[in-house]
Amino acid sequence: MWLFLSKRFPSRDLMSMLAFGLSFVLLLLLTACGGTTEQPKTKEGAAASEENSGGESKTRTIRHVMGNTPIPAEPKRIVVLDNAALDNLLALGVTPVGAASVASFDEPFPSYLKGTEGIAKIGTIEQPNLEEIMRLKPDLIIGTKVEHEAIYDKLAKIAPTIFIENVGTAWKENLRLHAEAIGKKEEGKKLIAAYEQRIEQFRSRLGNRTIEIALLRPRTDHVRVYLTDSFSGIIAHEAGLARPESQAERGQQHVAMTEEQIADLDADVILIFGREEEMGFFNEKILTNPIWKTLKAVKNQKVFYVSPETWLSGHGIQAANLMLDDLEQFILAP
């Protein structure tokens, strides 16, 4: 047979025919055995496979400001690094195992939040204690880019970590992300819908009236005026309240004003939210200044002190509703 083929075909053509024949035989053997070639899994494919194996999700991938992070489908031990997450999770019926305090480790969690008993303190918002967080063995950590970006990699080594962008005007988006992360997406939608219904009712009662509001936080050597691009400012804006021209700046959360600028603090209604230890300058330099008494809000007795826990550092859905309570009382009440 070989002699016949060698005489009939040149050696180069003969070798090509033999190679083709061998490949054909191997293909037949693979087909007969039912063999298939499995494509290598990409990261996305591996995640999808894990989600769908056994018909139940083991992880879910959350898109957040730092990227895409696989997290447990039903996280059980959650640590939160800011008040927005603490407020929102409690509103959604989930109690974190650990949370950060606002200013000092010893201070209690905000009094307006119910159900904080048993939550471990893990430092402050500005300085979370990584050892305390690790000790709690979390399966999910929630923080903010503006406060915690520098330690994101360290947090991510402890547990899957997701961040919101900031805690100001994007508070509804933050609630949506928090709700999605803990598997409470629909509950989050309901909380937002209920709040927005209250806003519609407030604006309806406000009617065509233009009422200017000033949002003041006393500091140790100046008055911080919160603008529209802040948490308190956006709540007032959503409610349909105007800002005085001197306070209408956009693009930043607040501006500082001194006793020489008292006239610029005026509005139809003034809300003051300051921590007790910082009230000295305001009480001594602002309230005693004769110009303060000339402000229309002062003359019309429309100056009100409100809680800094909600107006200053709440940042969640519960704080937003309590702020709306204040606006209804001080703006709409006869």
Side-chain angles (χ1 to χ4, degrees), residues 112 166-169 171 198-315 319-334:
Y112 78 90
N166 59 61
V167 291
T169 56
W171 73 273
R198 290 192 64 193
I199 285 291
E200 289 180 8
Q201 292 171 348
F202 184 97
R203 295 177 75 110
S204 176
R205 292 175 61 189
L206 185 64
N208 295 325
R209 289 179 291 170
T210 298
I211 297 180
E212 294 181 342
I213 189 169
L215 306 170
L216 311 183
R217 178 193 176 185
R219 301 306 308 268
T220 55
D221 59 355
H222 66 275
V223 177
R224 181 172 288 179
V225 180
Y226 277 76
L227 308 173
T228 302
D229 292 336
S230 65
F231 179 57
S232 54
I234 199 63
I235 299 298
H237 178 72
E238 290 174 349
L241 299 174
R243 305 306 298 274
E245 185 177 350
S246 61
Q247 304 171 28
E249 186 175 347
R250 301 297 299 266
Q252 56 183 330
Q253 292 195 34
H254 46 70
V255 294
M257 294 189 183
T258 65
E259 55 188 307
E260 288 78 22
Q261 298 168 289
I262 291 178
D264 290 333
L265 302 178
D266 200 9
D268 296 312
V269 177
I270 295 176
L271 298 187
I272 300 170
F273 43 92
R275 296 193 174 100
E276 185 176 350
E277 63 272 17
E278 295 182 320
M279 293 296 294
F281 171 83
F282 187 81
N283 292 337
E284 296 169 13
K285 300 293 185 179
I286 304 298
L287 296 186
T288 60
N289 192 302
I291 298 177
W292 174 258
K293 297 179 175 60
T294 67
L295 304 185
K296 56 186 173 184
V298 177
K299 291 190 293 185
N300 295 329
Q301 299 182 336
K302 291 293 183 178
V303 178
F304 306 100
Y305 289 80
V306 293
S307 171
E309 287 187 337
T310 51
W311 283 87
L312 178 59
S313 55
H315 297 144
N321 275 298
L322 289 171
M323 292 159 72
L324 196 50
D325 288 344
D326 288 338
L327 293 179
E328 289 173 348
Q329 177 182 354
F330 301 133
I331 303 293
L332 299 180

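Bear in mind the structure is a predicted one, so any value in this text is a computation, not a measurement. The analysis underlying the following values was restricted to heavy atoms, covering all of them including side chains, and did not include hydrogens, waters or symmetry mates.
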[X] to [Y] - nearest heavy-atom pair and separation:
| X | Y | answer |
| --- | --- | --- |
| Ser246 | Asp264 | OG-O, 3.0 Å |
| Thr228 | Thr169 | O-CG2, 3.9 Å |
| Leu271 | Phe330 | CD2-CD1, 4.1 Å |
| Ala319 | Tyr112 | CB-OH, 3.6 Å |
| Ile213 | Ala236 | CG2-CB, 4.1 Å |
| Pro244 | Asp266 | CG-O, 3.2 Å |

Looking only at atom types and distance, does a side-chain atom of [X] sit under 3.5 Å from a main-chain N or O of [Y], one as donor and one as acceptor?
| X | Y | answer |
| --- | --- | --- |
| Thr288 | Glu284 | yes |
| Gln261 | Thr258 | yes |
| Arg224 | Arg219 | no |
| Arg243 | Glu249 | no |
| Arg209 | Leu206 | yes |

Criterion side chain to side chain contact (heavy atoms under 4.5 Å, CB included) on Tyr305 and Ile272, from CA distance to verdict: CA-CA 5 Å; Tyr305 289 80; Ile272 300 170; 3.7 Å; yes

Show your working on salt bridge (charged side-chain N to carboxylate O under 4.0 Å, His left out) between Asp325 and Arg198 and close with a plain yes or no. CA-CA 10 Å; Asp325 288 344; Arg198 290 192 64 193; 2.7 Å; yes

Counting neighbours of [atom1] on [X] that are heavy atoms of other residues, nucleotides or ligands and sit closer than 6.0 Å, is the number greater than 12?
| X | atom1 | value |
| --- | --- | --- |
| Gln252 | CD | yes |
| Glu245 | CD | no |
| His222 | NE2 | yes |

[X] side, atom [atom1]; [Y] side, atom [atom2] - distance, nearest 0.5 Å:
| X | Y | atom1 | atom2 | answer |
| --- | --- | --- | --- | --- |
| Ile270 | Trp292 | CD1 | CH2 | 4.0 Å |
| Glu277 | Met279 | CD | CE | 10.5 Å |
| Ile199 | Leu324 | CD1 | CG | 4.5 Å |
| Gln247 | Leu227 | CD | CG | 7.5 Å |
| Thr294 | Lys299 | OG1 | NZ | 6.5 Å |
| Lys302 | Leu295 | NZ | CG | 15.5 Å |

Tell me whether the rings of Tyr226 and Phe273 are parallel (<30°), tilted (30 to 60°) or perpendicular (>60°). tilted

Steps toward side chain to side chain contact (heavy atoms under 4.5 Å, CB included) verdict (Lys296, Asp268): CA-CA 6 Å; Lys296 56 186 173 184; Asp268 296 312; 3.5 Å; yes

Test side chain to side chain contact (heavy atoms under 4.5 Å, CB included), reference Ser232, set Met323, Gln253, His254, output is Met323

Do Leu312 and Arg275 have side-chain heavy atoms sitting under 4.5 Å apart? yes

I'd like to know whether Arg217 forms a side chain to side chain contact (heavy atoms under 4.5 Å, CB included) with Glu278, so could you lay out the CA-CA distance, the side-chain angles of the two residues, the decisive distance to 0.1 Å, and finally the verdict. CA-CA 9 Å; Arg217 178 193 176 185; Glu278 295 182 320; 3.2 Å; yes

